[in-house]
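Fair warning: this is a prediction, and the values are worked out from it, not measured in the lab. The first residue of the sequence shown is numbered 1, and numbering continues consecutively from there.
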Amino acid sequence: MNKVISPVPPLDLTQQYATIENEVSAAVLGVLSSGQYINGPVVESFSAQFGNYIGTTECIACNSGTDALYLALKALGIGPGDEVITSPFTFIATAEAVSAVGAVPVFIDIELETLNLNPALIEQAITAKTKAILPVHIFGQPTDMDAVIAVAEAHQLPIIEDCAQATGAQWGQKKVGSIGRVGCFSFFPTKNLGGCGDGGALTTNDPEIAATARLLCAHGSKLRYHHEVTGINSRLDAVQAAILKVKLQYLEKWNTQRQIVASRYEQLLAEVNGVRSPQATEGGSSVWNQYTVLIEGSKGEKRDRLREKMQTEGISTMIYYPVPLHQQSVYADLGYAAGSLPNTEQAAGEVLALPMFPELRVDQQEQVVSTLKAALKTL
């Protein structure tokens, strides 16, 4: 194989931090010196700025993307006996939040081209128990929201957007998180807008949902020691809000850099047989939280051997997600037989996430692809 110029990590947060270190340090020290670490003006300011960026009138900052999903479901009154249609090809948090409110996730198959849920399969999954549709904008790629909205409106179902990996992505002229009834975001460090710890947000244009979410995330209390409903403790701390305020100023620039990196990968991989590059949905603009290719026909083994060979050459890759949700033991009682969601199961055995971050250099990408090509020849 080709000699590696230097190891290429799947993600490097240190380069981004180096460019904003002084601003972040000043923001954090400002919070520390204020003595106000929970709620307060910094959190309020970030919430307003983030809501404005997404394009919604309401934004509730919370502890994590998982909590944002939970709060959205609770605010919509979804609970035991209800069903929520969603994708099986996502992180467990999507379905976990549905289960946490007592409802049942109903998984439908994905499109191999986009790895998002297939909107054409939503209608046949709707029952009298269906209370919401929860599309996931996987890897930064928007789901076909026109198609989802058409079904949702026909059946009067709310849409909860899982935007954890897609902050800044657009469908048409709207940013994800402003299209459905509610948008749910994660600020986990690896996300396009990531903090230095956990964090999340819920966005909506519905003041009633916003009011309920605010109530729920503060122990069900508007007035201290007076509790109206059973809530949870889900707050974005002021230090994380201060960091995110700084980073939000640079998000568009970083997302543009990611798009450039993705375009370059597409060009470099165009002539590589057996590797399928991700395809953007027409009408959508991806922000490429991950650049995930399919190693065609691998069923896991070929992909895994390829990954090992690339690792020995200093190229680190990731697999999101090797076990789809309908095959997780926690959901075994839902009764999804092997082969019931064929595209999802195929993707789980073929996906390979190449290094992706805004600062990824041309020579590093060339090294990634040349190492991939050389490794494929040995399999």
Side-chain angles (χ1 to χ4, degrees), residues 66 69 73 80-139 141 143-144 147-148 151 160 162 164-165 273-279 281 290 292-309 317-354 376 379:
T66 308
L69 289 163
L73 291 158
D82 295 335
E83 295 177 348
V84 177
I85 296 170
T86 192
S87 170
F89 193 72
T90 177
F91 184 58
I92 187 68
T94 306
E96 187 177 45
V98 176
S99 300
V101 301
V104 177
V106 174
F107 301 117
I108 63 173
D109 210 359
I110 64 171
E111 303 169 322
L112 277 177
E113 295 77 16
T114 66
L115 302 179
N116 279 317
L117 64 76
N118 185 345
L121 302 178
I122 296 174
E123 192 152 32
Q124 65 192 52
I126 295 173
T127 71
K129 296 180 180 180
T130 306
K131 293 298 184 290
I133 303 170
L134 205 173
V136 181
H137 303 301
I138 200 72
F139 305 146
Q141 168 81 292
T143 301
D144 183 342
V148 175
V151 180
I160 302 170
D162 185 336
Q165 300 178 5
N273 294 327
V275 177
R276 184 191 299 177
S277 292
Q279 300 298 307
T281 306
Q290 305 293 340
T292 298
V293 299
L294 298 181
I295 308 302
E296 295 178 320
S298 71
K299 296 184 180 179
E301 300 114 355
K302 179 179 177 182
R303 185 267 318 278
D304 294 346
R305 294 200 310 273
L306 176 68
R307 186 180 181 222
E308 290 173 4
K309 288 179 178 294
T317 59
M318 300 292 288
I319 300 173
Y320 311 102
Y321 300 92
V323 183
L325 298 189
H326 72 289
Q327 294 184 326
Q328 296 284 347
S329 58
V330 67
Y331 290 124
D333 62 340
L334 296 183
Y336 288 89
S340 59
L341 302 178
N343 286 353
T344 300
E345 292 165 35
Q346 179 180 336
E350 295 185 350
V351 288
L352 186 68
L354 304 182
L376 280 169
L379 299 179

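Under the 3.5 Å distance criterion, the side-chain polar atoms of Y320 are left unmatched by any main-chain donor or acceptor of Q290. Side chain of Q279 to main chain of S277: a donor-acceptor pair is present (N/O by atom type, distance under 3.5 Å, no hydrogens or angles). Proximity of a side-chain donor or acceptor of D82 to a complementary backbone N or O of V84 within less than 3.5 Å is not detected. Of the possible polar contacts, none joining the T130 side chain to the E83 backbone as a donor-acceptor pair under 3.5 Å is found. Between the side chain of N343 and the backbone N or O of E111 there is no donor-acceptor pair closer than 3.5 Å. Under a 3.5 Å cut-off, the side chain of E345 and the backbone N or O of G339 do form a donor-acceptor pair. Side-chain atoms of Y331 never come within 3.5 Å of backbone atoms of P105 as a donor-acceptor pair (strictly under, hydrogens ignored). Not one N or O on the side chain of R303 forms a donor-acceptor pair closer than 3.5 Å with the backbone of L352. Between the side chain of N116 and the backbone N or O of Q141 there is at least one donor-acceptor pair closer than 3.5 Å. The backbone N or O of H137 lies less than 3.5 Å from no partner atom in the side chain of Q165, so there is not a single donor-acceptor pair.
For the pair D304 and I319, the minimum side-chain heavy-atom distance is below 4.5 Å. Residues T114 and P278 form no side-chain contact, since every pair of their non-hydrogen atoms from C-beta on lies 4.5 Å or further apart. Considering only heavy atoms from C-beta on, I110 stays 4.5 Å or farther from I138 through its side chain. With a 4.5 Å cut-off on side-chain heavy atoms, T344 and L325 do not count as touching. Residues L334 and H326 are not in side-chain contact: their nearest non-hydrogen atoms beyond the backbone lie 4.5 Å or more apart. The shortest distance between side-chain heavy atoms of T143 and T281 does not fall below 4.5 Å. Using a 4.5 Å heavy-atom cutoff, the side chains of L379 and K309 are in contact. Side-chain contact check for K302 versus I295: some heavy-atom pair is nearer than 4.5 Å.
For P119 against A147, the heavy-atom pair with the smallest separation is CB-CB, 3.5 Å. The two atoms that bring A353 and T292 nearest to each other are CB-OG1, 3.7 Å, heavy atoms only.
The aromatic rings of Y321 and F139 sit parallel, their planes meeting at an angle under 30°, below the 60° perpendicular limit.
Atom CD1 of residue I108 and atom CG of residue N118 lie 6.5 Å apart, to the nearest 0.5 angstrom. Between the OG atom in S298 and the CG atom in L376 there is a gap of 10.5 Å [rounded to 0.5 Å]. The line from CG of L294 to CG of L112 is 6.5 Å long, rounded to the nearest 0.5 Å. Once rounded to the nearest 0.5 Å, the distance linking CD of E301 with CG of L306 reads 13.0 Å.
Atom CG of N273 sits in a sparse spot, with 12 or fewer heavy atoms from other residues, nucleotides or ligands closer than 6.0 Å.
Only one option out of L117, I126, V148 pairs with I85 in a side-chain contact (heavy atoms from CB on, under 4.5 Å); it is I126. A side-chain contact (heavy atoms from CB on, under 4.5 Å) with V98 is found for exactly one of L134, V106, L69, namely L134.
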